[in-house]
2 protein chains.
Amino acid sequence: MNSKMESPRGPRPSELRRVPGIDYGDLESHFGYALRRAQIASFEAFYRASAGAGITPPRFTALVILHANPGITQTTLGNVLGTARSGAMLLTDWLEERGLAERRSRADDGRVWGLFLTVKGEALLARLRRRVRENDAAFARRLAPRERSSLIRLLNKLAG
Amino acid sequence: MNSKMESPRGPRPSELRRVPGIDYGDLESHFGYALRRAQIASFEAFYRASAGAGITPPRFTALVILHANPGITQTTLGNVLGTARSGAMLLTDWLEERGLAERRSRADDGRVWGLFLTVKGEALLARLRRRVRENDAAFARRLAPRERSSLIRLLNKLAG
DNA sequence: TATTGTTATACTCTATAACTATA
DNA sequence: TATAGTTATAGAGTATAACAATA
């Protein structure tokens with residue numbers, strides 16, 4: 001791991017742990033609140049796994065998508081990530097500056113770039129994938145095996 | 001509802017819907033990704049319910065907490081919301097400027113404010129609570145009744 | 001005309017650090 | 001000394017709008 005950490009400032013996952021003596025009202029019965037709490041907990045787990053590489057969840061998603069869909073355009077990447085074109089551009093810049101991805105011009109359409117992971121990008125993804133998976137598994141260990149598959153299924157059903 | 005909408009710009013929940021023809025790799029099997037997708041979907045539902053009032057999920061949480069814990073301090077509110085003191089301050093300012101909450105000095109400790117909802121704040125909370133609950137229920141209708149209680153239980157177990 | 005990538009700009013959220021008043 | 005609130009500042013993320021090149 002590199003000892004030079006990126007972005008020591010800026011938004012990191014907050015704690016959102018229970019504060020003793022506080023009455024949370026009916027918050028616990030809301031799906032929105034329960035999802036928010038669980039997602040923040042999972043963010044924490046992710047950051048522990050990817051600390052030092054500067055890889056956030058959206059960036060990790062971009063690496064996975066580029067690996068599985070070589071030659072994808074920036075606009076499509078933005079659609080997958082749910083961001084505007086300009087955001088996909090900044091993300092692509094970030095990856096390219098670090099030599100993780102590259103833009104290649106495409107003969108069939110002069111307007112678009114095809115995006116590809118570099119060898120370095122593929123290597124980082126392979127390393128991260130292992131650690132993220134381990135961390136995801138460790139995080140999920142709070143549940144019984146049957147509960148885990150049940151939760152994934154329910155979440156995907158809920159997300160539509 | 002007021003026709004004057006707040007913050008027409010700025011971050012709103014993005015879509016993050018499946019893009020046809022894209023290979024998502026093993027993203028679906030990650031808890032982090034499934035949680036993120038489900039949470040964004042629930043954000044969308046929340047924003048539909050609270051559109052126009054400028055109430056975000058953290059602000060709604062603050063209203064609920066202030067209602068259930070009258071006289072709470074800003075620092076404690078920040079702990080509940082998982083934000084720094086300065087963030088709790090800005091949130092309190094926002095609520096106070098709109099006449100939803102007020103700061104009262106406390107005789108026992110000159111350093112702190114006691115925070116309270118105003119009559120207007122209580123009224124807004126009552127209205128929002130109904131609509132948020134309805135929307136939460138509509139959102140959850142994608143699941144069978146037994147699945148809903150199961151999901152809430154699993155999420156809370158996961159969040160710790 | 002419509003779309004892609006780009007650039008410029010603005011806004012929200014939230015963190016850190018230093019300051020003041022009080023404990 | 002420690003803590004609450006405050007203020008100032010900075011940074012990340014992301015949106016909108018306008019522009020040039022290409023379809």
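Predicted model, so just to flag it, every value in this text is computed and none were measured.
- Residue B:T73 has its side chain nearest to D:dA4 when only D:dA8, D:dA4, C:dG5 are considered.
- Remark: B:R85 is not in phosphate contact with C:dC19, judged by side-chain N or O atoms under 4.0 Å from OP1 or OP2.
- If you measure from atom CG of B:L90 to atom P of C:dC11, you get 16 Å, rounded to the nearest angstrom.
- With sequence neighbours excluded, no residue forms a ring-ring contact (aromatic ring centres under 6.0 Å, His included) with A:F139.
- For A:P58, the side-chain contact (heavy atoms from CB on, under 4.5 Å) criterion is met by A:T56, B:R36, not counting sequence neighbours.
- If you check distances only, the side chain of B:T75 never reaches the base of D:dT3 with a donor-acceptor pair under 3.5 Å.
- Among the nucleotides D:dT6, D:dT16, C:dT14, the one closest to the side chain of A:S86 is D:dT16.
- Side-chain N or O atoms of A:R106 include none that pairs as donor or acceptor with a backbone N or O of A:W113 at under 3.5 Å.
- Atom-to-atom, CD of B:E102 to P of D:dG5 comes out at 16 Å; the value is rounded to the nearest Å.
- Look at CG on A:D93: it is 15 Å from C1' on D:dT14, rounded to the nearest Å.
- Of the residues in residues 107-114 of chain A, those placing a heavy atom less than 4.0 Å from an atom of DNA chain D are A:D109, A:G110, A:R111, in numerical order.
- In this structure, CD of A:Q74 is placed 15 Å from C1' of D:dA21, rounded to the nearest angstrom.
- Taking the side chain as every heavy atom from C-beta outward, B:N69 and B:L77 never approach each other to under 4.5 Å.
- Closest contact between the side chain of A:A84 and the listed nucleotides D:dG5, C:dT6, D:dA15 involves D:dA15.
- Interface residues of residues 61-70 of chain B facing DNA chain D, ordered by number: none; criterion, heavy-atom separation under 4.0 Å.
- Put simply, OH on A:Y47 is 13 Å from P on C:dT14, counting in whole angstrom units.
- Rounding to whole angstrom units, CE of residue B:M89 and P of C:dC19 are separated by 18 Å.
- The CG atom of A:L115 sits 14 Å away from the C1' atom of C:dT6 (whole-angstrom rounding).
- Each of B:I72 and A:T56 was assigned the nucleotide of DNA chain D with the nearest heavy atom; the assignment lying further toward the 5' end belongs to B:I72.
- Checked against side chain to side chain donor-acceptor pair (under 3.5 Å), A:R148 has no partners two or more places apart in sequence or in another chain.
- Between A:R59 and D:dA12, a side-chain N or O to OP1/OP2 separation shorter than 4.0 Å is absent.
- Applying the ring-ring contact (aromatic ring centres under 6.0 Å, His included) rule to B:F46 yields the partners B:F60; only residues at least two apart in sequence or on another chain are considered.
- Residues B:G87 and B:R106 both approach DNA chain C. Their nearest nucleotides, taken by heavy-atom distance, put B:G87 toward the 5′ side.
- In this structure A:D23 satisfies the side chain to side chain donor-acceptor pair (under 3.5 Å) test with no other residue, sequence neighbours excluded.
- Considering only residues two or more places apart in sequence or on other chains, B:K157 meets the side chain to side chain donor-acceptor pair (under 3.5 Å) condition with A:E147.
- Judged purely by atom type and a 3.5 angstrom limit, B:E96 uses its side chain to pair as donor or acceptor with the backbone of B:R103.
- Applying the salt bridge (charged side-chain N to carboxylate O under 4.0 Å, His left out) rule to B:R18 yields the partners B:E28; only residues at least two apart in sequence or on another chain are considered.
- One atom, CZ of B:F43, and another, P of D:dA15, lie 14 Å apart when rounded to the nearest Å.
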